[in-house]
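Report on one structure; see the data block that follows.
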There are 2 protein chains.
Amino acid sequence: MSMQIGELASKCGVRIDTVRYYEKQKLLVPSGRTEGGYRIYSKVALRELRFILRAKSLGFTLKEIQELLTLKIDRENQPCSSVKELAEVKLKDIEEKLTELGRMHNALTAITDACCGGEEPATACSILDALDKEDS
Amino acid sequence: MSMQIGELASKCGVRIDTVRYYEKQKLLVPSGRTEGGYRIYSKVALRELRFILRAKSLGFTLKEIQELLTLKIDRENQPCSSVKELAEVKLKDIEEKLTELGRMHNALTAITDACCGGEEPATACSILDALDKEDS
DNA sequence: CTTGACCCTAGACTTAACTCCAGGGATAGG
DNA sequence: CCTATCCCTGGAGTTAAGTCTAGGGTCAAG
C-alpha cells in the first residue's frame, strides 16, 4: 500500500537519487513523511512515477513532463487540444532529429562505402579525402 | 594568404570563441603569432577547420575528430582500416539513435493520432490515458 | 545495545561543446 | 593622439538529467 523511497525506485528501475531529483523538479511529491522524516509513497505516487518515465521514454524532457502533469492534474478544465499540442510539438522535434540523423547517415554511409578499409596506408583514404575536400 | 582569428571564424561560420576552444582541445593550432600575440592562420588552418566542421556535421564528437586528425596527420603510416573503423563505429552509433528515435516516433504518433485534440475537457484524453495506463 | 540496512540534507560534480566575462593590449584610420 | 575595432588570457557559466559525497539520523532484528 505504501512504501519508502527505495522500494518505489526499485519498482520503477530508477535510482533513489533520481526520485529525489524529480521531487526537486516538482514532478513527484511523496504522499507524506514518517516521524523520522522518511518519505512515504502511495500507489498513486507509483503511477505518477511511471507516468513520468513513460513520457520520458517518448522523448519528453522533464520540463515538458511538468507541463503534461499540470494539464493532467487539472484535466477537467483543460482542453484536449492543449495536450495534443504538446505531443505534436514533440513529434515535430523528433522528426527533425530523425531527418538530421538520416542526413548524417546517408553522408557517412556514402563516404564509408567508398573506403577500401584495407591494411594499406591511408595516404589516399577516401574518407579522409572526403572530409578534407576543397569544395562545399 | 594568412588571417587573424576573426576572419577565419567568419569564413567558417563559427565564433571566435569556438576556434579558441578547438585550440584548447588540440584540434587546431594557429600557424603562428604576431608580435603582439595575435594568432595567425594560413590557408591550411582554414582547411583544417573545415575538416573539423565537416566531421562534426557527420556526427563525430570533438574527441573522435581528434582521433581522425591523428590518423590524418600520420596518413602514410596508418592503415585505411583504422579510419574506416572509426567511421563504422559512428555509423552504428547513428543507427542506434535512428532506431530509438523511430521507436519514439511510432509510439508517440500512435497515441497522438488517437487524441481528438478538440476543445472538450481532457478528462478522458487518450494521450494522458496512454501515459497513465496500468500495464507495461 | 549494537549492527546493518535504510534513509535524510545540502551541495558539489559529471558530460559536451561551447559561450561569456573582466580586464586589458594591439592596430589602423583620421 | 584618439578612437574604434580587433585581439589576448584565465576562468566562470550554461544545459539536462542526473550522480555522488560527507556527515549524520532511523529503524528492526538479534
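Proteins come first, then strands; the chains are lettered A, B, ... in the order of their sequence lines, and each starts at number 1. The figures that follow rest on heavy atoms only: side chains count, while hydrogens, waters and symmetry mates do not. This structure is a prediction, so every number in the text was calculated from the model and none was measured.
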So do [Y] and [X] actually touch side chain to side chain, heavy atoms under 4.5 Å?
X: A/K92; Y: A/E88; value: no
X: A/H105; Y: B/L98; value: yes
X: A/Y38; Y: A/I5; value: no

Would you say [X] reaches [N]'s phosphate, i.e. side-chain N/O to OP1/OP2 under 4.0 Å?
X: A/Q4; N: C/dC7; result: yes
X: B/T18; N: C/dA17; result: no
X: A/R33; N: D/dT26; result: no
X: B/Y22; N: C/dA17; result: no

Margin query: Does A/K24 reach a base, just sugar-phosphate, or nothing at all? Heavy atoms under 4.0 Å.
Written below: nothing
Margin query: Counting the atoms with a prime plus P, OP1 and OP2 as sugar-phosphate, which does B/R15 contact under 4.0 Å by heavy atoms, base, sugar-phosphate, or nothing?
Written below: sugar-phosphate
Expressed as a whole number of angstroms, how long is the span from [X]:[atom1] to [N]:[atom2]?
X: A/L53; N: D/dA17; atom1: CG; atom2: C1'; result: 13 Å
X: A/K56; N: D/dA17; atom1: NZ; atom2: P; result: 7 Å
X: A/K63; N: D/dA17; atom1: NZ; atom2: C1'; result: 14 Å
X: B/I5; N: D/dC6; atom1: CD1; atom2: P; result: 13 Å
X: B/F60; N: C/dA16; atom1: CZ; atom2: P; result: 16 Å
X: A/K97; N: D/dA16; atom1: NZ; atom2: C1'; result: 11 Å
X: A/I40; N: C/dC8; atom1: CD1; atom2: P; result: 11 Å
X: B/D93; N: C/dA16; atom1: CG; atom2: P; result: 13 Å

Side chain of [X]: nearest nucleotide among [options]?
X: B/Y21; options: C/dT9, D/dG18, C/dT19; result: C/dT19
X: A/D17; options: C/dC18, D/dT19, D/dC8; result: D/dT19
X: B/R20; options: D/dC27, D/dT19, D/dC8; result: D/dC8
X: A/R39; options: C/dT9, D/dA17, D/dT9; result: C/dT9
X: A/T34; options: C/dT9, D/dC27, D/dC7; result: D/dC27

Which heavy atom in [X] sits nearest to a heavy atom in [Y], and how many Å separate them?
X: B/L101; Y: A/K97; result: CD1-CB, 3.6 Å
X: B/R103; Y: A/S57; result: NH2-O, 3.0 Å
X: A/K56; Y: A/I65; result: N-CD1, 3.7 Å

Notebook entry, point to check: 5'-most contact on DNA chain C: B/L62 or B/G36, nearest heavy atom basis?
Noted result: B/L62
Next item on the list: May I ask you to list the residues of residues 64-73 of chain B, by number, that have any heavy atom positioned under 4.0 Å from an atom of DNA chain C?
Entry: none
Notebook entry, point to check: Is it true that A/D129 and A/K133 make a salt bridge, defined as a side-chain N closer than 4.0 Å to a carboxylate O?
Noted result: no
Check: With the threshold set at 4.0 Å, does a side-chain nitrogen-carboxylate oxygen contact exist between A/K63 and A/E67?
Finding: no
Check: Is a donor-acceptor pair below 3.5 Å formed from side chain A/Y38 to base D/dC27, judging by atom type as modelled?
Finding: no
